[in-house]
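Because the structure is predicted, anything quoted here is derived from the model rather than measured. Counting from 1, the numbers follow the sequence of the chain as shown.
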Amino acid sequence: MTKSPEQKAIEKQMRAQEKAERAAQIRERASGIVAGAHQENGFRILDFESETMLAEILRQYDGNENNTMSFELDNISRSLRDNALVLYEALRMYGMLASVIPYGNSAIMTVTESAKNYFENKDKVTNGGNRMEKQVKIFISHSSDDVKYVRRIVEFLEDLNVPEDGIFCSSIPEYGIPGGEKIFDFLRGQFDTYDLHVIFVLSKNYYNSIASLNEMGAAWVGRNEYTVLLLPHFPYSEIKGVLDPREIATKIDDESTINIRLSELRDKILSEFALNKINENKWERVRNSFIADMLEINLKAKVSKIEFSQLSSDVEDMILKLSEDRDGRVMIRNSIIGTTISIGSYLFDSDAPRKVAHWEEIIRELVRLQYIELVSSQKGTKIYKISQKGYEYADSLKIGKR
């Protein structure tokens, strides 16, 4: 049905009103953020999120005389992306942006001279133009999904004799966040209190972690010393965010450079902590053991994935057979001639102990998932029956295979 001119005019007016209300809400939130900022010696310090967003903006700014730029929201933390409109407005109120026009996942903006000089001026006000002497500490920025690699990195630092209070790693209890501490406040305190050397342990898991990306942004804002370490199979080209993919990185599985990069990291850490030089023979053992262990962790992870994939496939195969069997039962029978595993007249391949162990593991997994349940166990024979949950899972598999 065609809308009358009056209806179109009313809808246009309503859209304009909704747009104005959203803009007012953004201004109100931004105003609250700016009002809460504190001053030091007459210099207004940006709040943490606005400061992090400004650092991202300046990273993309090419230094042109007009101070105009196109800002891309890709490759920054999700929390900044989700709050971008409010942070744009806050930065405008702070006097860091002269104008900003958002569009899609980008924005056309003009940065001010105050924005370009903000971090330098902040440093002069807070540190008198000089870095205050702070205790050095290594901050391992990582995804908790990579904890096996990270634990070995901590052991590597221990082998270099880095003191216990010189390492922070949230996934290792003795180097992590004390009980009762608020995570965000504690992390902020680390950046404020220590002269941090951040080791970025990059992987796909890292870039899928909002917490990790926030740590990366905080390190950029604080202009901390950092080392980029790439886990096996993570390519140089995938380095994103505030880190420059053209900068030198330490790639664990790059045989042509790993020895040199680890020696450089060793020298830097020994210098930062004023540690004694390590005997060259000991260093070779430490380095070679570290590389071998990191590669072995990767190999075990790959093997585990292959085994899980095979296990998953056989779980599906057995549950489908059970759902199609008239009685929906799987039987394990032990006798003097061996073990047989069957569903109705179908016999699973179990002519060797390894194969028997595999199918028994499949059955244990089905029990754990509550897809089958034990209904009888006597005289060397166990019988399991498919559950309602098992039938529902089988049905979902059949739909997915169509």
Side-chain angles (χ1 to χ4, degrees), residues 59 72 74-78 81 138-160 167-172 175-176 197-217 219-220 224-266 268-269 283-315:
R59 184 180 67 84
E72 303 296 330
D74 295 333
N75 303 327
I76 69 173
S77 70
R78 185 179 299 173
R81 281 201 307 270
I138 293 175
F139 184 114
I140 303 177
S141 178
H142 66 284
S143 164
S144 58
D145 290 333
D146 295 323
V147 65
K148 291 183 180 179
Y149 293 105
V150 172
R151 184 176 290 111
R152 188 60 185 88
I153 293 169
V154 169
E155 292 171 357
F156 173 76
L157 296 175
E158 292 173 337
D159 288 337
L160 296 182
I167 303 172
F168 174 77
C169 181
S170 59
S171 292
I172 309 300
Y175 294 108
H197 176 170
V198 183
I199 297 179
F200 294 109
V201 184
L202 301 189
S203 66
K204 289 184 178 179
N205 292 328
Y206 188 96
Y207 282 101
N208 287 331
S209 167
I210 294 175
S212 298
L213 293 175
N214 285 340
E215 290 172 3
M216 182 185 288
W220 175 263
N224 295 98
E225 183 70 38
Y226 66 84
T227 295
V228 178
L229 192 152
L230 309 185
L231 293 184
H233 302 299
F234 188 78
Y236 294 104
S237 59
E238 288 297 309
I239 299 175
K240 301 173 184 176
V242 296
L243 303 179
D244 189 339
R246 295 169 296 182
E247 291 186 26
I248 294 175
T250 302
K251 190 168 184 351
I252 295 298
D253 53 349
D254 187 342
E255 295 182 3
S256 65
T257 64
I258 185 61
N259 286 353
I260 295 174
R261 297 291 169 257
L262 287 179
S263 293
E264 292 171 346
L265 177 59
R266 172 204 61 187
K268 187 164 195 60
I269 290 173
W283 163 244
E284 288 187 8
R285 290 197 302 273
V286 168
R287 180 197 64 202
N288 294 343
S289 175
F290 173 68
I291 296 171
D293 289 348
M294 294 290 276
L295 294 176
E296 184 178 0
I297 291 170
N298 175 65
L299 180 61
K300 286 182 177 179
K302 288 173 65 177
V303 171
S304 177
K305 285 181 180 179
I306 293 171
E307 289 177 346
F308 178 80
S309 176
Q310 182 60 47
L311 187 66
S312 176
S313 174
D314 288 339
V315 163

Inset, instruction - Begin with the C-alpha distance, continue with both residues' side-chain angles, and end with the deciding distance and a verdict on side-chain contact (heavy atoms from CB on, under 4.5 Å) for Glu215 and Phe139. - result: CA-CA 10 Å; Glu215 290 172 3; Phe139 184 114; 3.6 Å; yes
Legend entry - Chi angles and distances behind the side-chain contact (heavy atoms from CB on, under 4.5 Å) call for Lys148, Ser171: CA-CA 10 Å; Lys148 291 183 180 179; Ser171 292; over 6 Å; no
Legend entry - From CA spacing to verdict: side-chain contact (heavy atoms from CB on, under 4.5 Å), Lys268, Glu264: CA-CA 6 Å; Lys268 187 164 195 60; Glu264 292 171 346; over 6 Å; no
Legend entry - Verdict with reasoning, Arg266 to Leu262, per side-chain contact (heavy atoms from CB on, under 4.5 Å): CA-CA 6 Å; Arg266 172 204 61 187; Leu262 287 179; over 6 Å; no
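Atoms CZ and CG, on Phe234 and Asn205 in that order, are 10.0 Å from each other to the nearest 0.5 Å. The CD atom of Glu225 sits 10.5 Å away from atom CD1 of Ile199, with the distance rounded to the nearest 0.5 Å. Taking CD1 of Ile153 as the reference point, atom CD1 of Ile140 lies at 6.0 Å (rounded to 0.5 Å). Taking OG1 of Thr227 as the start and CZ of Phe200 as the end, the distance is 9.5 Å to the nearest 0.5 Å. The CG atom of Asp159 sits 13.5 Å away from atom CZ of Arg287, with the distance rounded to the nearest 0.5 Å. Here the straight-line distance linking atom CG of Leu265 with atom CD1 of Ile258 works out to 9.0 Å at 0.5 Å rounding.
The main-chain N or O of His233 is found under 3.5 Å from a side-chain atom of Asp253 such that the two form a donor-acceptor pair. With Tyr206 contributing its side chain and Ser212 its backbone, the two residues share a donor-acceptor pair below 3.5 Å. The main-chain N or O of Leu231 is never found under 3.5 Å from a side-chain atom of Tyr149 such that the two would form a donor-acceptor pair.
The shortest side-chain heavy-atom distance between His142 and Cys169 falls under the 4.5 Å cut-off. For the pair Ile248 and Thr257, the minimum side-chain heavy-atom distance is 4.5 Å or more. Between Leu160 and Trp283, some side-chain heavy-atom pair lies under the 4.5 Å cut-off. Arg152 has its side chain within reach of Ser289: a pair of non-hydrogen atoms, C-beta onward, lies under 4.5 Å apart. Looking at Glu296 and Asp293, their side chains come closer than 4.5 Å, going by heavy atoms from C-beta outward. Under the 4.5 Å side-chain criterion, counting only non-hydrogen atoms from C-beta, Val198 is not in contact with Phe168.
Nearest approach of Met216 to Tyr207, heavy atoms of both residues: CE-OH, 3.9 Å. In this structure, Leu230 and Tyr236 approach most closely via the heavy-atom pair CD1-CD2, 3.6 Å. The two residues Ile252 and Ile291 make their nearest non-hydrogen contact at O-CG2, 4.4 Å.
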